[in-house]
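Heads up: the structure comes next, in structure tokens.
Just so we're on the same page: letters track the sequence lines, and every chain starts at 1.
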Protein chains: 2
Amino acid sequence: MAGRAAVPEVIWARPERAGRGPKPAYSRADIADAAVRIADAEGLDAVSMRRVAAELGCGTMSLYNYVPRKEDLYELMVDAVSGEHELWEPSGDWRADMVRAAHGTRGLMRRHPWLPRLMSSIYGFSPNALRYLEHCLACLDPLEASYGTKMELVAMLNSVVTMYVANELAAAERARSLPWSEAEENAVRIAYLGGRIATGAYPRMAAAFAEDAGPIDLEAVFERALERVLDGFDPQA
Amino acid sequence: MAGRAAVPEVIWARPERAGRGPKPAYSRADIADAAVRIADAEGLDAVSMRRVAAELGCGTMSLYNYVPRKEDLYELMVDAVSGEHELWEPSGDWRADMVRAAHGTRGLMRRHPWLPRLMSSIYGFSPNALRYLEHCLACLDPLEASYGTKMELVAMLNSVVTMYVANELAAAERARSLPWSEAEENAVRIAYLGGRIATGAYPRMAAAFAEDAGPIDLEAVFERALERVLDGFDPQA
DNA sequence: CGTAGTTACGTACACCGTACGTAATGCGCT
DNA sequence: AGCGCATTACGTACGGTGTACGTAACTACG
């Protein structure tokens with residue numbers, strides 16, 4: 001009567017080691033690391049149960065002893081890289097700390113370009129996510145606001161960073177599975193866009209693109225976005 | 001020498017009707033509508049080339065005459081529902097118009113819960129997306145700012161709305177493919193979270209959850225988020 | 001010490017995206 | 001007018017996916 005549970009499971013609530021049987025050959029961390037390694041090197045779509053099992057050196061179905069569903073594997077991956085979040089001593093300047101946190105998150109997502117895609121489908125309360133959240137709240141101690149407001153701030157900052165990185169990486173990530181390069185694809189899309197705009201049907205879009213000759217300074221855009229979000233929560237501003 | 005193009009393609013740049021052969025049996029809109037219908041009714045994962053072809057009543061491989069890759073089908077879907085965006089006469093009050101646009105986007109995403117998942121992987125310049133963007137820029141005419149800033153505003157508002165709806169729908173969307181209900185899953189996850197917090201390892205999280213007895217007013221959270229984003233761009237504020 | 005529950009894992013199934021080949025179709029050209 | 005050929009239609013097939021199920025080896029608890 002082993003059977004699969006017909007009742008919801010949170011993988012984190014499951015003990016790593018059950019009392020009874022032979023001791024597991026791998027830890028949850030081993031599995032998460034293997035999956036992360038594959039995703040980093042070959043993209044998220046390369047992460048299959050078979051591939052992860054092969055990376056670990058075990059049979060495919062053995063993985064299901066550790067991870068009941070593939071989605072739980074994703075949850076393990078997100079938590080694993082969430083552990084890379086740097087946790088520093090709050091400086092007392094909550095704005096500076098939040099900017100630092102946002103840069104940290106951006107770095108994390110650039111190191112693991114598959115993260116934005118998973119973020120939108122994964123429940124946000126894995127162990128390492130909790131530690132990170134608690135740390136952000138600690139940084140926000142100097143801000144005079146309810147915890148509810150502080151949670152909203154963190155959520156909004158994460159949203160903006162996630163979307164920013166997702167856009168930044170979208171083309172590159174897609175190019176991984178296509179027979180042409182990111183630059184080629186971008187060129188074709190810009191050409192199409194230019195054609196549409198040249199019809200005169202979108203006068204303001206035309207003005208927008210005419211406005212800034214030269215490439216946009218994405219770094220400045222990011223920085224401005226952060227400041228604006230923080231402004232929205234700053235009683236001083 | 002038919003062959004597949006080894007050069008980047010934007011599906012929008014392809015003419016719907018080629019000059020030479022028999023006339024196509026379906027329009028791009030037919031195909032997009034079929035896919036949208038399936039995704040709305042059975043979830044995005046039910047949208048397969050076979051399933052869409054069946055819905056249209058044609059052979060699976062015939063679809064590839066219209067849509068070179070499955071990703072292009074996604075692009076068609078996003079554009080199709082983007083056409084549902086209401087385009088009104090700008091009121092002169094850009095904040096009010098932006099709030100209205102945000103509510104519209106939220107409604108769109110609630111009607112098509114698979115949209116947030118696709119938004120992060122789809123290039124944002126389909127025909128209907130262009131119309132919507134142009135309309136937003138028109139609403140922002142009264143705002144004294146560069147077009148670059150206005151584009152940043154629209155992008156940020158869309159990010160926040162997307163993430164908000166994604167979180168709102170995440171559990172429900174996942175429950176679609178799982179053997180238990182959204183409520184059951186949520187209960188288990190809340191229980192786990194409660195257990196973690198009860199350890200005392202996350203004092204501020206504990207305070208946050210203790211702070212508001214009763215369920216959070218998500219509507220108010222959404223409204224506040226919008227106002228804060230707009231504040232970040234309002235020279236008056 | 002037996003036994004119940006766990007680990008390991010091979011096999012099998014239904015489904016996926018899509019490459020390829022072939023037959024029918026109808027526009028553009030001479 | 002009629003030939004040529006690009007395009008449409010679509011069946012078949014391949015290599016992949018997640019995972020249900022059955023079986024054998026193993027170990028902690030009663």
Going by atom types alone, do Asn128(B) and His85(B) pair a side-chain donor with an acceptor below 3.5 Å?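 No pair is found: no donor N or O on one side chain lies under 3.5 Å from an acceptor on the other.
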Nearest whole Å is fine: how far is [N] [atom2] from [X] [atom1]?
{"X": "Arg69(B)", "N": "dG17(C)", "atom1": "CZ", "atom2": "P", "value": "14 Å"}
{"X": "Tyr64(B)", "N": "dC20(C)", "atom1": "OH", "atom2": "P", "value": "13 Å"}
{"X": "Glu16(A)", "N": "dT7(C)", "atom1": "CD", "atom2": "C1'", "value": "15 Å"}
{"X": "Leu56(B)", "N": "dA9(D)", "atom1": "CG", "atom2": "C1'", "value": "13 Å"}
{"X": "Asn65(A)", "N": "dA20(D)", "atom1": "CG", "atom2": "P", "value": "13 Å"}
{"X": "Glu9(A)", "N": "dT19(D)", "atom1": "CD", "atom2": "P", "value": "13 Å"}

N-O pairing of Arg117(B) and Asp45(B) below 4.0 Å: yes
Ser62(B) side chain near dT8(D) phosphate (N/O to OP1/OP2, under 4.0 Å): no
Contacts of Glu219(A) that satisfy side chain to side chain donor-acceptor pair (under 3.5 Å) - sequence neighbours left out: Arg106(A)
Please determine, for the side chain of Ala25(B), which listed nucleotide (dA8(C), dA9(D), dT19(D)) has the closest atom? dA9(D)
Around atom CD1 of Ile216(A), are there more than 12 heavy atoms from other residues, nucleotides or ligands closer than 6.0 Å?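 No - once you tally the heavy atoms of other residues, nucleotides and ligands closer than 6.0 Å, there are 12 at most.
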Does Tyr26(B) reach a base, just sugar-phosphate, or nothing at all? Heavy atoms under 4.0 Å.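 No contact at all - Tyr26(B) keeps every heavy atom at 4.0 Å or more from the nucleic acid.
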Under the ring pair (Phe, Tyr, Trp, His ring centres under 6.0 Å) test, which residues partner Phe222(B), sequence neighbours left out?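 With neighbours one apart ignored, the set is His103(B), Tyr164(B).
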Are the side chains of Glu75(B) and Val78(B) in contact, using a 4.5 Å heavy-atom criterion? no
How close do Pro116(B) and Val165(B) get, heavy atom to heavy atom, and via which atoms? CG-CG1, 4.4 Å
Its contact letters, B for base, S for sugar-phosphate only and - for none at protein heavy atoms under 4.0 Å, make nucleotides 22-30 of chain D read ----BBSS-
Quick one: which residue pairs count as a ring pair (Phe, Tyr, Trp, His ring centres under 6.0 Å) with a foot in residues 24-60 of chain B, not counting sequence neighbours? none
Identify the pairs formed between an N or O of the protein and an N or O of nucleotides 11-17 of chain D at a distance under 3.5 Å, and give each distance.
| residue | atom | partner | partner atom | Å |
| --- | --- | --- | --- | --- |
| dT17(D) | OP1 | Ser48(A) | OG | 2.8 |

Set of residues satisfying side chain to side chain contact (heavy atoms under 4.5 Å, CB included) with respect to Ser126(B), sequence neighbours excluded: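 Once residues adjacent in sequence are excluded, the partners of Ser126(B) under the side chain to side chain contact (heavy atoms under 4.5 Å, CB included) criterion are Trp12(B), Asp79(B), Ala129(B).
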